[in-house]
S.K.: 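Take this structure, written in structure tokens, and hold onto it; I'll ask about it next.
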Amino acid sequence: IRSKPAFDESSLGQLEEILISADVGVRTSSRLLKKLSASLAFPLKGKEDRWEGVLSVLREEMLDIFSGRSRELITNADGLTVVLVVGVNGVGKTTSIGKLANLLRGQGKRVLLAAGDTFRAGAIEQLEIWAKSAGVGIVKQKYGVDPSAVAFDAVSACLARGIDVLIIDTAGRLHTKVNLMEELKKVKRVLGKGVPGAPHEILLVVDATTGQNALIQAKLFHSAVGVSGIALAKLDGTAKGGIVAAIEDELAIPVKLVGTGENLEDLQSFDPAEFVQALLN
Amino acid sequence: GISGKLQSVFKKLRGRGKLTEANINDAMREVKLALLEADVNYLVVKDFVEAVRQRAIGREVAGSLLPAQQVIKIVHEEMAKLMGPAPLAGETGTAGTQLNIDGKPSVIMLVGLQGCGKTTTCGKLAFFLKNKGLTVLMIPADTRRPAAGEQLEVLGREVGVPVYSTAGGKNPLQIVEDGVREARERGLDAVLIDTGGRLHIDDELMNELAEMREMVSPQEVLLVIDAMTGQDAVKEASEFEGRLGVDGVILTKLDGDARGGAALSVRKVTGKPVKFVGVGERTDALEAFLPDRIASRILG
Ligand SMILES: Nc1nc2c(ncn2[C@@H]2O[C@H](COP(=O)(O)OP(=O)(O)OP(=O)(O)O)[C@@H](O)[C@H]2O)c(=O)[nH]1
Ligand SMILES: Nc1nc2c(ncn2[C@@H]2O[C@H](COP(=O)(O)OP(=O)(O)OP(=O)(O)O)[C@@H](O)[C@H]2O)c(=O)[nH]1
Ligand SMILES: [Mg+2]
Ligand SMILES: [Mg+2]
């Protein structure tokens, strides 16, 4: 394809394959390719009808999807910042919390974790081990306790101890389970009563290996509790996580963090240019 | 779903006559879109649509079947061909478990990517086998994930199946070797090995699994796959099949609304059957895989 001078059906097909294989999805891919065809309909200085040129135009269009929104973690200027971490089962919430606690502590913040998953076997012990690795405290109760009670308890502890950031772990839940989404709404309400504006950041963890369902997850979690940021975990695998392009395109929710492994330091800020580059490779 | 889309493609077709190339192209485009939206891998979709196209070309607008229904019928047939037959009652492996449990003990290894549901599925399988009257031991071979052992122990207590207890410090291969020996000495029927999640591109960890397999010669190596997996399902499945060898697949989290196209991709790439599906977080949430159910789900 690199020796082919013209931009034609087969080039379009190859680009479609790159985007679809990266989980960008049919809708966002065809939107991008329509824009691309339109941009290239006008002969742009000759080099754009070469493959490299085509890719660079596509790169610009993808970067456009990611432009114009802040990727900073939201902080509470007036006191305790509360971060609620949510998402479906097994995506990397608990691990990402350990990493984030470590990151924030490295920035000199006083961090506390709350073991809000009072359901799954070993969930509390798992978070306790992460708290220890990250060198931060943890508030926990028994299994079976209402997660809202743990959240409330954690806020009190934070206010008493002068904590800067409270990160709350929640049980994995499928967005299709109404009672579990109601449980999450209740946690949010309780937090809001404890601290004005809390939770200030609601992070949805998305597994980079997930396909189109991640868009539905984002939509439903967003309509239930409002999602202010996305943490894309497991980007160290072969999956490209392209579904976040669809999420940003359709919901304008910024990806803020990227998980790149199973260890404490494997968390980075999301860099759109780096992400798009890796996706189109 | 796909039926509605195909109906509108063929709405303009009146009376008798062959399906034209234009009709077929439009129909194939709809099939392609439906499968891609269901997360079936791009290349698997290409091959699948081509197989459907070949059968649709030159078909008369036949007797009682509307063209859309004809195409749908072909799609379902091709999918059934690909997914393989539903297990017939009584023809589902040893003792009706869909698993080869002829060993003494029969060793079953659960493998797969991080977070797909191996440990939970281990508990579910333990419950399932116990209810079939087998004596079972679970082996906690994940030494890396924080509290993985505790997680399996809680599940073991819940379903009333023992978990091999290992004093700290052993590596996964040692744990498995000791655990299988213990099961053999106790004359148990089955051993379930819960392995740590790993990336298919992690050479060291994939070699660890190969060594584990070499060491205990499992009757079943089951690849656990999350139903919401996207295009990557092909890469991961072909690596696990190529480097380790897989006997069957378990598709988890089917109680959600993920279409489950990964099932088609994994089947195509490994040729191995999906044996069970996970349909919830509780230890009784395991069902036999029914190919025609996943077909309707994928087609929407
Ligand atoms: N390779 C890789 N693995 C990760 C990453 N993040 C998490 N994991 C692994 O994914 C698995 C699941 O992580 P958890 O943190 O337990 O996920 P969770 O969302 O809290 O799971 P539930 O609470 O059960 O819903 C673990 O094996 C983690 O080590 C990542 O960025 N890269
Ligand atoms: N809804 C639903 N959740 C499931 C199903 N199977 C597993 N889970 C959940 O998925 C999450 C991950 O399950 P685990 O059993 O910890 O996954 P794993 O593969 O052992 O994870 P690692 O050991 O970290 O690789 C947990 O929250 C489970 O409760 C299922 O069929 N349906
Ligand atoms: Mg968790
Ligand atoms: Mg596990």
Side-chain angles (χ1 to χ4, degrees), chain A residues 16-27 29-30 88-95 98 119-130 132-133 143 171-177 180 207-214 216-217 220 233-234 236-243 261-263, chain B residues 32-34 36-43 45-46 113-120 123 144-158 196-202 225-236 239 252-253 255-262 280-281 283:
Chain A
E16 179 189 69
E17 183 167 347
I18 292 175
L19 294 175
I20 297 285
S21 306
D23 286 310
V24 173
V26 168
R27 184 183 147 140
S29 300
S30 56
V88 303
N89 307 73
V91 294
K93 298 178 292 301
T94 305
T95 306
F119 170 75
R120 204 211 68 212
I124 298 175
E125 289 82 353
Q126 184 187 7
L127 189 67
E128 279 186 288
I129 293 171
W130 279 112
K132 197 148 183 278
S133 307
Y143 285 97
R173 71 202 62 227
L174 296 181
H175 47 287
T176 47
K177 307 214 164 161
L180 297 183
D207 186 329
T209 65
T210 306
Q212 298 310 297
N213 197 251
I216 305 177
Q217 292 168 23
L220 290 193
K234 309 180 195 172
D236 47 313
T238 52
K240 304 270 175 144
I243 194 64
E262 302 192 70
N263 298 315
Chain B
K32 173 184 166 185
L33 291 180
L36 289 178
E37 282 166 356
D39 289 324
V40 181
N41 181 270
Y42 190 85
L43 295 174
V45 172
K46 247 188 180 174
L113 257 47
Q114 291 90 349
C116 58
K118 297 174 292 301
T119 305
T120 309
R144 292 167 49 248
R145 169 170 157 155
E150 281 90 328
Q151 185 183 4
L152 197 65
E153 281 171 7
V154 170
L155 292 173
R157 282 196 293 277
E158 205 178 303
R198 66 204 62 213
L199 294 178
H200 48 289
I201 51 172
D202 186 326
I225 300 249
D226 194 321
M228 58 189 186
T229 308
Q231 297 290 309
D232 200 52
V234 160
K235 283 208 190 77
E236 100 167 72
E239 283 300 309
T252 60
K253 308 177 199 173
D255 45 319
D257 58 1
R259 298 273 289 281
E281 294 193 68
T283 39

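Numbers restart at 1 for each chain; the letters A, B, ... are given by sequence-line order, proteins then strands. Values in this document were obtained by computation on a predicted structure and should not be read as measured data. Atom set for the values below is all heavy atoms of this structure, side chains included, hydrogens, waters and symmetry mates excluded.
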S.K.: Please walk me through it: do B:Arg144 and A:Glu262 pass salt bridge (charged side-chain N to carboxylate O under 4.0 Å, His left out)?
M.R.: CA-CA 9 Å; B:Arg144 292 167 49 248; A:Glu262 302 192 70; 2.9 Å; yes
S.K.: Indicate the atoms forming the closest heavy-atom contact of B:Leu36 with A:Gln212, along with that distance.
M.R.: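 So the minimum-distance heavy-atom pair works out to O-CG, 4.3 Å.
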S.K.: Out of A:Asp207, A:Leu174, A:Leu220, which one pairs with A:Val88 under the side-chain contact (heavy atoms from CB on, under 4.5 Å) rule?
M.R.: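 When side-chain contact (heavy atoms from CB on, under 4.5 Å) is applied between A:Val88 and each of A:Asp207, A:Leu174, A:Leu220, only A:Leu174 qualifies.
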S.K.: Could you check whether any side-chain N or O of A:Tyr143 sits under 3.5 Å from a backbone N or O of A:Ala123, counting only pairs where one atom can act as donor and the other as acceptor?
M.R.: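 At least one qualifying donor-acceptor pair exists.
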S.K.: Go through A:Thr176, A:Ile124, A:Asn89, A:Thr95 and name the one with the most non-hydrogen pairs under 4.5 angstrom from chain B.
M.R.: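 So the answer, after comparing A:Thr176, A:Ile124, A:Asn89, A:Thr95, is A:Asn89.
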S.K.: Cut-off 3.5 Å, side chains only: do B:Asp232 and A:Thr238 have a donor facing an acceptor?
M.R.: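 The answer is yes; a qualifying pair exists.
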S.K.: For chain A, which of B:Glu158, B:Glu150, B:Lys235, B:Glu153 has the most heavy-atom pairs under 4.5 Å?
M.R.: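 Most pairs with chain A among the choices: B:Lys235.
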S.K.: Of the backbone (N, CA, C, O) and the side chain (C-beta and beyond), which part of B:Lys118 lies under 4.5 Å from a heavy atom of chain A, both, or neither?
M.R.: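 Interface part for B:Lys118: neither.
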S.K.: Checking A:Lys240 against chain B: side chain, backbone, both or neither under 4.5 Å from a heavy atom?
M.R.: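 It is neither, since no heavy atom gets under 4.5 Å.
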S.K.: By a 4.5 Å heavy-atom criterion (distance strictly below it), what part of B:Arg259 contacts chain A: side chain, backbone, both, or neither?
M.R.: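 Neither the backbone nor the side chain of B:Arg259 comes within 4.5 Å of chain A.
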S.K.: Would you say the side chains of B:Arg145 and B:Gln114 form a donor-acceptor pair under 3.5 Å?
M.R.: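 Judged by distance alone, the side chains do not pair up.
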S.K.: Non-hydrogen atoms of chain A under 4.5 Å away: do they reach the side chain of B:Asp255, the backbone, both or neither?
M.R.: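 Interface part for B:Asp255: both.
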S.K.: Chain B heavy atoms under 4.5 Å from A:Arg27: which part of the residue, side chain, backbone, both or neither?
M.R.: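 For A:Arg27, neither part sits under 4.5 Å from chain B.
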S.K.: Just give me the residue among A:Thr209, A:Asn213, A:Ile216 that pairs up with chain B most often, heavy atom to heavy atom, under 4.5 Å.
M.R.: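 The candidate making the most pairs under 4.5 Å is A:Asn213.
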S.K.: Please look at A:Ile20 and chain B and tell me whether the side chain, the backbone, both or neither of the residue comes under 4.5 angstrom of a heavy atom of that chain.
M.R.: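 Backbone plus side chain of A:Ile20, per the 4.5 Å heavy-atom cut-off to chain B.
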S.K.: I'd like to know which of B:Asp39, B:Thr120, B:Asn41 tops the heavy-atom pair count under 4.5 Å against chain A.
M.R.: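 Answer, by heavy-atom pair count under 4.5 Å with chain A: B:Asp39.
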S.K.: Between B:Glu37 and A:Val26 (side chain of the first, backbone of the second, donor and acceptor by atom type, cut-off under 3.5 Å), is there such a pair?
M.R.: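 No, the answer is negative, given that no donor and acceptor are paired below the 3.5 Å cut-off.
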S.K.: Which region of A:Gln217, side chain (C-beta onward) or backbone (N, CA, C, O), has a non-hydrogen atom less than 4.5 Å from a non-hydrogen atom of chain B, or is it both or neither?
M.R.: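 Interface part for A:Gln217: side chain.
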S.K.: Short question: side chain of B:Thr229, backbone of B:Asp226 - any donor-acceptor pair under 3.5 Å?
M.R.: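 Confirmed, B:Thr229 side chain pairs with B:Asp226 backbone.
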S.K.: Side chains of B:Leu155 and B:Thr119, heavy atoms from C-beta outward: is any pair under 4.5 Å?
M.R.: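 In contact.
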S.K.: Against chain B, work out which of A:Asp23, A:Asp236, A:Ile129, A:Thr94 has the most heavy-atom pairs shorter than 4.5 Å and name it.
M.R.: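 Option with the top pair count is A:Asp23.
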S.K.: Measuring heavy-atom distances to chain A, does B:Leu152 have an atom under 4.5 Å in its side chain, in its backbone, in both, or in neither?
M.R.: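 For B:Leu152, there is no contact with chain A at all, as no heavy atom is under 4.5 Å.
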